[in-house]
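Quick notes on the structure that follows.
These values consider heavy atoms only, across backbone and side chains, with no hydrogens, waters or symmetry-generated copies. Along the sequence shown, residues carry numbers from 1. Keep in mind the model is a prediction, meaning the values are calculated, not measured.
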Amino acid sequence: MPRSRSRKTNTRRTPRTHPRGVLEVCGSGYGFVQTAEGEFYVPASKIADAFDGDFVEVARVGSSSRSGARGQAVSERPVARVVRVISRAHEFVVGRYEVAEPFGVVVPEDPRIRHDVFTLRREAPHVQDGDIVRVRMTAYPSRHEPAQGVVEEVLGHAGDSGIDVELIIARHKLETHFPAAALEQARAMEHDASSALCDSRYRDLTNRVVFTIDPDDAKDFDDALSLERFDDGSFVLGVHIADVSHYVPWSSAIDATARRRATSVYLVDRVIPMLPEELSNDICSLKPGELRRVMSVDMRIAADGSVGGHLSFGHSFSRPSDVRPGAGMSRCPKARARRRGVEGSRDECRCPGGGNRRCDRGLA
C-alpha cells in the first residue's frame, strides 16, 4: 500500500488587506495616498480608473521611476498601485462638450480627472460643440469600457463672460441654492432684537458708539467695534459680532445647510452666503441705527498697545451708529464726503472719539 504524502497548505488564516486612503492626483498625473501605514506615491500609470478624491485601496509595487515632468524626483515615498476604488468622490463632472457622432464626449476641465466621459448625442441634441456642461456619471471607467454619463446642465460656452466663475463653483461643488425647508424657516424668523431688553443674559450697549468695519459696498455687516478712552491713555476695545446662533437652532434645516456649506464664499462677481439672505443680509446684519443681538468681548488695552486681558464676554445688544469707517478705519462720513467732492463737507461732525469738532482726518 503506497504511503500517503502529506502536503503543506498555504491557506491564509486571515485575508490580505491593503492600505486604504484618499487619492490626491497632481496636475502631472501622478498621485499620493495617505493611509494608516503612511503615505504612498502612485505613478500615473498605476492610478488605473480612479479619479482625484476617490477612496481607494493600494498595494505596494517594486521600484519604478519617480521623476516628474521635468525629470526631478517627486517622492521618496514607497510606490504603490491602485487595486480598487472603494467609493467615488465625483457624482458630477464639469467639462467641455465635443461632438463625435453618435457620441458627445465631455473633456473634464479639471486636469486631475484624466478620463473623458462619453454621452449619447441623441440624449442631449441641444448641446453645442464647445459648450461647458455638467455631466452626471452613470458608469465609471474600467478596463473594458470608458466613463459614461448624462448631460445635466449647460453652464455656458467656452469663452463666455463669467464662465470661469461658473467653473470654479462647479469644480468645488459649491451649493448655490438653499433647500426649501431652510428658506421657509428663514422667512419665518422674527426680528426680535428688542426682546433682548428683557433677557438677563444680554447686556445693554446702546449707550456706546458702535461702528461696523465692513466696507461700504458690503452686503452684510457682521463685525463692529467700540472704543472708550481713559485719562491714563488706556482704553477699552469692544469687539461685537452678530449673534447668529440665536436665530439658527441646533439641527434645524438652516443649521444643517450652514454646516454643510461651512462658510460664505466670496467670488469676484458674487457672494454665495452660508445662510439665507433673510438672515445674512437682514436680521443678522448690523445695520446702522437698528437694534441687533451681538456677541461681545471687551478688552483693556494699555497706552503702549499691550492687551491687559478681557473684561467681559457674552451676549449683548447694540445699535450700530451711522459711523461706518469701512476699509479705512480713520474715515468718517464727512471725510468720505470730502473725498467724493461734496460741498460743505468740512462742517462739524461727531466722530467715534466723541465731542463735536471739525473733521480734519486724512483722505487716505
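- With a 4.5 Å cut-off between side-chain heavy atoms of Ile, Leu, Val, Met, Phe, Trp and Tyr, the cluster of Val107 takes in none.
- Classification of Glu228 and Arg208 as a salt-bridged pair fails, no side-chain N sitting under 4.0 Å from a carboxylate O.
- Closest heavy-atom contact between Pro125 and Arg122: CD-O, 3.4 Å.
- The cationic atom of Arg293 (NZ for Lys, CZ for Arg) lies less than 6.0 Å from the six-membered ring centre of Tyr202 and within 45° of the ring axis.
- Here the closest non-hydrogen pair linking Gln148 and Val117 is C-CG1, 3.6 Å.
- Taking every heavy atom of both residues into account, Met137 and Ala147 meet most closely at CE-CB, 3.8 Å.
- Side-chain heavy atoms closer than 4.5 Å link hydrophobic residues (I, L, V, M, F, W, Y) into clusters, and following such links, even through other members, never connects Val151 to Val105.
- Heavy atoms only, all atoms of each residue included: Ala186 and Glu278 are closest at O-CB, 4.0 Å.
- For the pair Thr119/Val150, no side-chain contact is recorded, criterion being any heavy-atom separation below 4.5 Å from C-beta on.
- Taking 4.5 Å as the limit, some side-chain heavy atom of Leu120 sits within range of a side-chain heavy atom of Phe103.
- Between the side chain of Thr212 and the main chain of Ala224, no donor-acceptor pair closer than 3.5 Å is present.
- Salt bridge Arg270/Glu166: present, at least one basic N to carboxylate O contact under 4.0 Å.
- Proximity of a side-chain donor or acceptor of Asp131 to a complementary backbone N or O of Gln128 within less than 3.5 Å is detected.
- Classification of the Phe51-His115 ring pair by plane angle, with boundaries at 30° and 60°, yields parallel.
- In terms of the salt bridge (charged side-chain N to carboxylate O under 4.0 Å, His left out) criterion, residue partners of Asp54 (sequence neighbours excluded) are, by chain and number, Arg88.
- Looking at Lys173 and Glu91, their side chains never come closer than 4.5 Å, going by heavy atoms from C-beta outward.
- Side chain of Thr35 to main chain of Pro19: no donor-acceptor pair is present (N/O by atom type, distance under 3.5 Å, no hydrogens or angles).
- Under 4.0 Å is where a charged nitrogen must lie from a carboxylate oxygen, and between Glu98 and Arg96 at least one such pair does.
- Residues Val94 and Val135 are not in side-chain contact: their nearest non-hydrogen atoms beyond the backbone lie 4.5 Å or more apart.
- Both cation-pi conditions hold for Arg261 and Phe178: the charged atom is under 6.0 angstrom from the six-membered ring centre and inside a 45 degree cone around its axis.
- Considering all non-hydrogen atoms of both residues, Ser142 and Asp49 come closest at CA-OD2, 4.1 Å.
- Side-chain N or O atoms of Asp223 include none that pairs as donor or acceptor with a backbone N or O of Ile241 at under 3.5 Å.
- Between Asp298 and Arg203 there is a side-chain heavy-atom pair separated by less than 4.5 Å.
- Hydrophobic clustering of Ile, Leu, Val, Met, Phe, Trp and Tyr side chains at less than 4.5 Å, counting indirect connections, unites Val127 with Val99.
- Nearest heavy-atom pair, His240 versus Leu286, reported as atom, atom and distance to 0.1 Å: O-CD1, 4.1 Å.
- The side-chain heavy atoms of Ile272 and Ile169, taken from C-beta on, include a pair separated by under 4.5 Å.
- Between Arg77 and Phe40 the shortest side-chain heavy-atom distance does not fall below 4.5 Å.
- With salt bridges taken as basic N to acidic carboxylate O contacts below 4.0 Å, one links Glu57 and Arg84.
- The shortest side-chain heavy-atom distance between Lys287 and Arg292 falls under the 4.5 Å cut-off.
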